[in-house]
Protein chains: 2
Amino acid sequence: MEVKRDNTEEKIIDAATDVFVQKGMDGARMQEIADRAGINKALLHYYFRSKEKLFDAIFTKLVGISFPQIGQILQSDLPVLEKIEMVIDTYVDLLLKYPFLPAFIIKEMNRDATPFFKFIEKRGFAIAPIFNMLQKAMDDGVIVKTRPEHLVVNVIGLCVFPFAARPMINHVAFHGDDKALKQFLSERKVEVKKFVLKAIQPE
Amino acid sequence: MEVKRDNTEEKIIDAATDVFVQKGMDGARMQEIADRAGINKALLHYYFRSKEKLFDAIFTKLVGISFPQIGQILQSDLPVLEKIEMVIDTYVDLLLKYPFLPAFIIKEMNRDATPFFKFIEKRGFAIAPIFNMLQKAMDDGVIVKTRPEHLVVNVIGLCVFPFAARPMINHVAFHGDDKALKQFLSERKVEVKKFVLKAIQPE
DNA sequence: TCTTGGTTTAACTATTTGGTTAAATCATTT
DNA sequence: AAATGATTTAACCAAATAGTTAAACCAAGA
């Protein structure tokens with residue numbers, strides 16, 4: 001038993017990831033996934049009973065990558081400012097590795113948000129401790145006062161947006177020069193940290 | 001001639017906008033557009049020969065809304081800081097009016113960027129003057145020094161991201177409370193201005 | 001009123017696509 | 001080597017879908 005199972009399943013997952021990320025759930029074709037995995041459609045349905053089930057597997061995998069274990073950073077007893085810096089570093093590094101993630105997640109969240117909700121529920125992800133930590137830092141005068149929600153959205157947005165809007169930025173700001181875009185994106189780590197730290201420093 | 005033409009065409013455009021924005025090009029169905037416009041499929045093809053042509057019309061319309069006439073603001077002789085504030089105000093107001101735009105544009109740009117490129121080309125949109133203006137302000141010590149590209153992406157990203165990520169923010173930060181989310185988004189104008197101005201003020 | 005030309009419809013077609021089935025194949029165990 | 005059970009395939013099916021066609025309709029001008 002399990003003759004070439006691991007191998008085939010892996011090939012399917014790789015192929016499906018490529019196709020779903022590029023075309024989305026609606027644009028993806030089971031035939032294309034089968035072709036890219038070097039198998040035929042029936043085998044695809046043998047491993048993953050339906051397109052929806054296959055998509056769920058891929059989506060869950062990719063959401064898992066997108067919402068990484070920043071819990072460790074946040075639960076450490078580093079000063080808040082260093083925590084924020086570490087989150088930015090970790091997150092931009094992740095996005096440099098998987099630049100297609102933001103557009104994919106945004107696209108599929110807008111189509112059907114329930115798989116994402118299930119994921120969050122399953123992982124028991126809670127944002128409240130983060131808000132509390134930031135609120136405390138504000139009360140202590142370590143960072144400037146606002147609603148913690150805004151600060152979190154600002155930080156994540158500054159990290160994520162350039163990747164989500166990559167094709168536009170590439171065209172408008174860099175006239176299609178992929179090298180220049182890549183250079184720009186790799187500068188984001190330093191740039192976002194500088195920008196955020198300056199913005200939140202108390203008077 | 002042109003008996004009810006205007007009326008019907010308008011109904012089609014409204015219906016197609018709804019459906020394309022909600023489902024995207026791949027997920028949209030001509031039948032659903034026809035139903036929503038209160039006509040049948042053949043009439044849809046009579047007005048817009050193909051799904052692609054209809055989509056192009058809608059996409060171009062929506063990109064036109066997304067890249068509004070901020071030229072006037074930028075070409076005025078207001079101080080740079082006030083220009084930046086005005087751009088943020090204008091942009092967030094726009095997004096509050098059309099909150100679905102960012103996700104739609106990101107989604108469709110990733111599928112096929114050529115309609116967007118054509119639009120930019122046709123409108124003769126150039127980013128260089130904006131970069132030059134910011135560079136000058138940096139040289140004059142009015143704002144802190146960076147690559148202008150980063151500043152532009154930061155400002156746009158802070159405005160746009162919360163709208164693109166709406167479903168996630170709504171769930172994670174507000175537990176599905178639409179009212180709370182709307183309140184949060186309407187605070188962004190003030191928040192982003194505060195955040196950006198603080199981040200770019202010279203030492 | 002009769003013609004004309006744009007408008008609208010019902011019915012149809014060709015193709016694509018997700019999914020099924022029954023048979024063949026292959027590795028492993030007895 | 002024979003049996004077993006997982007794996008793989010070719011051929012097929014039903015539903016959905018973009019697009020077509022030919023005829024009916026309707027408002028306006030001659």
Side-chain angles (χ1 to χ4, degrees), chain A residues 1-62 104 107-108 110-112 114-115, chain B residues 1-62 104 107-108 110-112 114-115:
Chain A
M1 61 182 108
E2 274 200 17
V3 195
K4 297 170 192 166
R5 175 160 202 139
D6 297 327
N7 202 346
T8 303
E9 188 163 337
E10 206 173 297
K11 278 194 300 179
I12 291 175
I13 294 212
D14 288 350
T17 302
D18 286 353
V19 174
F20 278 131
V21 158
Q22 206 185 351
K23 311 268 174 99
M25 168 67 172
D26 289 329
R29 297 291 162 248
M30 294 297 268
Q31 187 61 59
E32 188 180 349
I33 294 172
D35 289 347
R36 200 175 291 212
I39 57 171
N40 69 15
K41 243 181 5 169
L43 187 53
L44 202 55
H45 281 90
Y46 176 76
Y47 278 89
F48 296 86
R49 245 181 272 170
S50 68
K51 184 184 182 183
E52 215 186 330
K53 284 212 167 59
L54 176 55
F55 178 80
D56 269 5
I58 305 299
F59 183 78
T60 305
K61 184 189 88 173
L62 293 182
F104 175 73
K107 186 196 310 180
E108 299 304 331
N110 246 56
R111 193 183 57 86
D112 178 14
T114 48
Chain B
M1 59 181 106
E2 275 201 17
V3 194
K4 298 168 191 168
R5 173 157 204 142
D6 297 325
N7 201 347
T8 302
E9 187 162 338
E10 205 172 299
K11 279 193 299 179
I12 291 176
I13 293 209
D14 288 349
T17 301
D18 286 352
V19 175
F20 278 131
V21 158
Q22 205 183 354
K23 310 268 174 98
M25 167 66 173
D26 290 329
R29 297 290 161 247
M30 293 297 269
Q31 186 62 59
E32 189 179 347
I33 294 172
D35 288 349
R36 201 176 291 213
I39 57 169
N40 69 13
K41 243 182 3 169
L43 188 53
L44 203 53
H45 281 89
Y46 175 76
Y47 277 89
F48 295 86
R49 245 183 274 171
S50 67
K51 185 183 182 184
E52 215 188 329
K53 284 213 166 61
L54 177 56
F55 178 80
D56 269 5
I58 305 300
F59 183 78
T60 305
K61 182 189 89 174
L62 293 181
F104 175 74
K107 184 195 314 180
E108 299 303 333
N110 245 56
R111 194 183 57 84
D112 178 13
T114 48

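Chain A is the first sequence line, chain B the second, and so forth, proteins listed ahead of strands; every chain is numbered from 1.
As rounded to whole Å, 13 Å separates atom C1' of C:dT9 from atom CD of B:Q31. In this structure, B:M30 atom CE and C:dA14 atom P are separated by 20 Å, rounded to whole Å. Rounded to an integer number of Å, the gap from CZ of A:F55 to P of C:dG19 is 14 Å. The nearest whole Å value for the distance from the OH atom in A:Y46 to the P atom in D:dA10 is 17 Å. Atom pair A:E9:CD and D:dT7:C1' shows a separation of 13 Å (rounding to whole Å applied). Look at NZ on B:K41: it is 12 Å from P on D:dA16, rounded to the nearest Å. In this structure, A:E52 atom CD and C:dT17 atom P are separated by 18 Å, rounded to whole Å. Following rounding to the nearest Å, B:N7 (CG) and D:dA27 (P) show an atom-to-atom distance of 14 Å.
Of all heavy-atom pairs spanning A:A34 and A:K41, the tightest one is CB-N, 3.8 Å. Taking each heavy atom of A:K51 and A:D26 in turn, the nearest pair found is NZ-O, 4.1 Å.
In the set D:dA6, C:dT9, C:dT7, C:dT9 carries the atom at the smallest distance from any side-chain atom of B:I39. The A:A42 side chain lies nearest to C:dT21 when the options are C:dT21, C:dT9, C:dG18. Among the nucleotides D:dT20, D:dA6, C:dG19, the one closest to the side chain of B:H45 is D:dT20. Nearest nucleotide to the side chain of A:S50, out of D:dT8, C:dG6, C:dG19: C:dG19. Listed candidates were D:dA18, D:dT7, C:dT7. Nearest to the side chain of A:L43 is D:dT7.
Applying the 3.5 Å distance criterion, the base of C:dG19 shares no donor-acceptor pair with the side chain of A:K51.
B:L54 CG to B:F59 CZ: the interatomic distance, rounded to the nearest 0.5 Å, is 13.5 Å.
Residue contacts shown for A:A28 are limited to sugar-phosphate atoms, with no base heavy atom under 4.0 Å away.
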Intermediate values then yes/no, side chain to side chain donor-acceptor pair (under 3.5 Å), A:D18 and A:Q22: CA-CA 6 Å; A:D18 286 353; A:Q22 206 185 351; over 6 Å; no
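Listed pair A:Y47 / D:dT8 meets the phosphate criterion, a side-chain N or O lying under 4.0 Å from OP1 or OP2. Under 4.0 angstrom from either OP1 or OP2 of C:dG18 there lies at least one side-chain N or O belonging to A:R29. Contact annotation: B:T8 side-chain N/O to C:dT7 OP1/OP2 distance is not under 4.0 Å.
With a 6.0 Å cutoff to the six-membered ring centre and a 45° limit on the axis angle, A:R111 does not count as a cation-pi contact of A:F104.
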